[in-house]
Amino acid sequence: MSAESVFRGRLYACDFFPGNTPYTVLAFQSWIAGQSMKIPNISESFLTGKGVSCFCVRNAENDWGQSDELMEMLDAVKDRSKGRLKGRFIGYGMSMGGYQAINFGKYMEFDYSIAISPQYSIDGNVVPWETRWRPEAEKLRFQNDFIKDMRREFHAKVVYDPFFRIDRVHIDRIAEKCDVHHIPFHNAGHDVGRSLRECSALSELVLGLFENRDARRDLLPRVRAARANSPSYLFALSRNLAVRRRLVCAAGLAERAFDLSDGSNFDLVCHHATMLAQVGRREDAAAVLTPYLSNPVRAPLAEKLIARFRST
């Protein structure tokens, strides 16, 4: 599918991909370590592969849409869309992208937005309990942080894990300002998108929501049946059981999640090792982390955990 350049700036770029759907999507970029204009929008291949008419945003930085240039880009999308949209206009994104899909929903006059694990804000003055993106938040001037000023005029379909407390607090705050349709996906943690991909269900769920299908009735039952082989789901379930001190069950689920994974989720690796240590398998725990001692980024934490396991 050939792309039409809609905007090119220092911090943002946006391309339009014509499709054959009776709706058009504006897909915001997710938070990505080492964010760069060279990295395609995380949803681009999925959307274009399904023939969805879509605008796809790329970022130079993880700036959460707080620059003047972001508003210039949105104005360019509005100009390109004027009189040319097919059917509904829908915002879409995951995490940082989900925040922006809701945050700019009223400005862009979306019919609604679909947001997976969005934030209410990351501004420390608004959400002092949110520390996951604090280093970035401290560098930003929150001039485009609009959700807190909404008056329930905007509709959002929000997919999230209600058992993941900090995300649930964000969604509760969003629901005070927007008309939220809650779509719960339990025991996925923050990265619900990853769990849905592992279940081979992300595209089915998102396309169903674009088409206004009933997620709870038509989509979630099949997804839930497939999640037994999702490392992210098993990881989140293990963490929840560990909090309740059901350590043997938690360790078993962590081991299965680790065995099913590709080793790229270091949080899962560390959790698996920690659970092994907590059920008395300290040398096995150290062995799980040993391959990461040669990784300059992972080695400091791996060394610290191995030392802790062997000292107890």
Side-chain angles (χ1 to χ4, degrees), residues 7 9 11-14 25-44 46-47 54-71 73-74 77 90-108 110 113-127 129-148 150 154 156-161 164 166-171 173-174 177-178 180 185 188-197 202 206 232 265 267:
F7 183 84
L11 297 173
Y12 284 90
C14 182
V25 173
L26 173 53
F28 292 91
Q29 181 67 300
S30 298
W31 186 97
I32 296 174
Q35 187 76 267
S36 164
M37 288 279 214
K38 296 179 181 179
I39 301 175
N41 184 288
I42 195 169
S43 301
E44 181 180 307
F46 146 58
L47 293 172
C54 57
F55 295 89
C56 289
V57 178
R58 284 179 284 124
N59 298 19
E61 302 172 359
N62 294 310
D63 77 346
W64 299 79
Q66 298 305 309
S67 67
D68 292 330
E69 189 177 285
L70 186 280
M71 302 308 295
M73 185 205 73
L74 293 180
V77 172
I90 304 168
Y92 171 63
M94 294 186 282
S95 190
M96 181 178 77
Y99 157 78
Q100 292 180 83
I102 297 174
N103 191 59
F104 299 111
K106 187 178 177 185
Y107 183 79
M108 292 304 295
F110 294 142
S113 283
I114 296 166
I116 299 177
S117 302
Q119 297 79 20
Y120 174 74
S121 174
I122 64 162
D123 182 354
N125 294 316
V126 177
V127 287
W129 36 266
E130 176 55 86
T131 59
R132 289 173 289 180
W133 300 279
R134 182 60 55 81
E136 288 167 12
E138 290 174 345
K139 298 174 185 176
L140 297 176
R141 180 166 63 95
F142 287 92
Q143 58 183 351
N144 303 327
D145 202 27
F146 300 141
I147 296 177
K148 64 183 184 298
M150 290 182 173
F154 186 67
K157 301 181 181 185
V158 180
V159 186
Y160 67 104
D161 178 1
F164 193 57
I166 192 166
D167 276 13
R168 189 181 72 241
V169 175
H170 277 286
I171 307 310
R173 296 288 294 275
I174 292 170
K177 302 296 183 179
C178 302
V180 169
F185 189 67
H190 178 66
D191 201 347
V192 172
R194 183 200 290 256
S195 285
L196 288 167
R197 280 193 295 272
L202 179 62
V206 173
S232 298
N265 185 343
D267 288 341

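Atom set for the values below is all heavy atoms of this structure, side chains included, hydrogens, waters and symmetry mates excluded. Residue indices begin at 1 and follow the sequence shown.
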| said: Could you tell me if the side chain of Trp133 sits less than 4.5 Å from the side chain of Met96, heavy atoms only? | reply: no
| message | I want to check something: taking the side chain as every heavy atom from C-beta on, are Leu70 and Phe104 in contact at a cut-off of under 4.5 Å? | response | yes
| said: Minimum heavy-atom separation for Gln35 and Asn59, please, with both atom names. | reply: CG-O, 3.6 Å
| query | For the residue pair Tyr92 and Phe46, does the interplanar ring angle fall in the parallel (under 30°), tilted (30 to 60°) or perpendicular (over 60°) class? | reply | perpendicular
| query | For Ser232, which residues count as a side chain to side chain donor-acceptor pair (under 3.5 Å) partner, sequence neighbours excluded? | reply | Glu198
| query | With under 30° as parallel and over 60° as perpendicular, where do the rings of Phe110 and Phe154 fit, or are they tilted in between? | reply | tilted
| query | Quick one: CD on Gln100 to CG on Leu26, what's the gap to the nearest 0.5 Å? | reply | 9.5 Å
| Check against side chain to side chain contact (heavy atoms under 4.5 Å, CB included), Asp145 and Trp64 | CA-CA 9 Å; Asp145 202 27; Trp64 299 79; over 6 Å; no
| request: Evaluate the side-chain proximity of Met94 to Ser117: yes if any heavy-atom separation is below 4.5 Å, no if none is. | output: no
| request: Return the set of residues passing side chain to side chain donor-acceptor pair (under 3.5 Å) with Trp31 (not counting sequence neighbours), or none when no residue passes. | output: Glu136
| task | Return the set of residues passing side-chain contact (heavy atoms from CB on, under 4.5 Å) with Arg134 (not counting sequence neighbours), or none when no residue passes. | result | Thr131, Glu138
| remark: All heavy atoms of Ala13 vs all of Met73, minimum pair found to be O-SD, 4.2 Å
| task | Return the set of residues passing side chain to side chain donor-acceptor pair (under 3.5 Å) with Tyr160 (not counting sequence neighbours), or none when no residue passes. | result | His182
| message | For Gln143, give me all partners under side-chain contact (heavy atoms from CB on, under 4.5 Å), at least two apart in sequence or on another chain. | response | Asp68, Arg141
| message | Contact between Tyr12 and Gln29 at the side-chain level, heavy atoms closer than 4.5 Å - yes or no? | response | no
| message | I want to check something: taking the side chain as every heavy atom from C-beta on, are Ser113 and Phe28 in contact at a cut-off of under 4.5 Å? | response | no
| field | Partners meeting salt bridge (charged side-chain N to carboxylate O under 4.0 Å, His left out) with Asp63 (sequence neighbours left out) | value | none
| field | Any donor-acceptor N/O pair, Asp161 side chain to His190 backbone, under 3.5 Å | value | no
| query | Measuring from Ser121:OG to Gln66:CD, what's the distance to the nearest 0.5 Å? | reply | 7.5 Å
| said: Just verifying a value: how many Å separate Asp191 CG and Leu196 CG, rounded to the nearest 0.5 Å? | reply: 9.5 Å
| query | Can any side-chain N or O of Asn41 pair as donor or acceptor with the backbone N or O of Arg58 at less than 3.5 Å? | reply | no
| said: Could you report the tightest heavy-atom contact between Glu130 and His170, atom names first, then the distance? | reply: OE1-NE2, 2.7 Å
| query | Under the 3.5 angstrom rule, does the side chain of Asn62 hit a backbone N or O of Ile32 as a donor-acceptor pair? | reply | yes
| request: Indicate yes or no: at least one non-hydrogen side-chain atom of Ile116 is less than 4.5 angstrom from one of Val206. | output: yes
| Where Lys139 and Pro135 come nearest, the two heavy atoms and their spacing | CG-O, 3.5 Å
| task | Walk me through it: do Ile174 and Tyr99 pass the test side chain to side chain contact (heavy atoms under 4.5 Å, CB included)? | result | CA-CA 10 Å; Ile174 292 170; Tyr99 157 78; over 6 Å; no
| request: With the side chain counted from C-beta on, respond yes when Asp123 and Lys148 share a heavy-atom pair under 4.5 Å apart, and no when they do not. | output: no
| message | When you compare the side chain of Ile114 with that of Ile90, does any pair of heavy atoms fall below 4.5 Å? | response | yes
| query | To the nearest 0.5 Å, how far apart are NZ in Lys177 and CD1 in Ile102? | reply | 14.0 Å
| said: Can you tell me if Lys106 has over 12 outside heavy atoms packed within less than 6.0 Å of its NZ? | reply: no
| field | Shortest non-hydrogen contact between Asn144 and Gly65, atoms and distance | value | ND2-O, 2.9 Å
| Do you know the tightest heavy-atom contact between Gly98 and Ala115? | O-CB, 3.6 Å
| task | Supply the atom-to-atom distance Leu202 CG to Ser43 OG, rounded to the nearest 0.5 angstrom. | result | 7.0 Å
| note | Separation between CG (Leu140) and OG (Ser67), nearest 0.5 Å, reads 9.5 Å
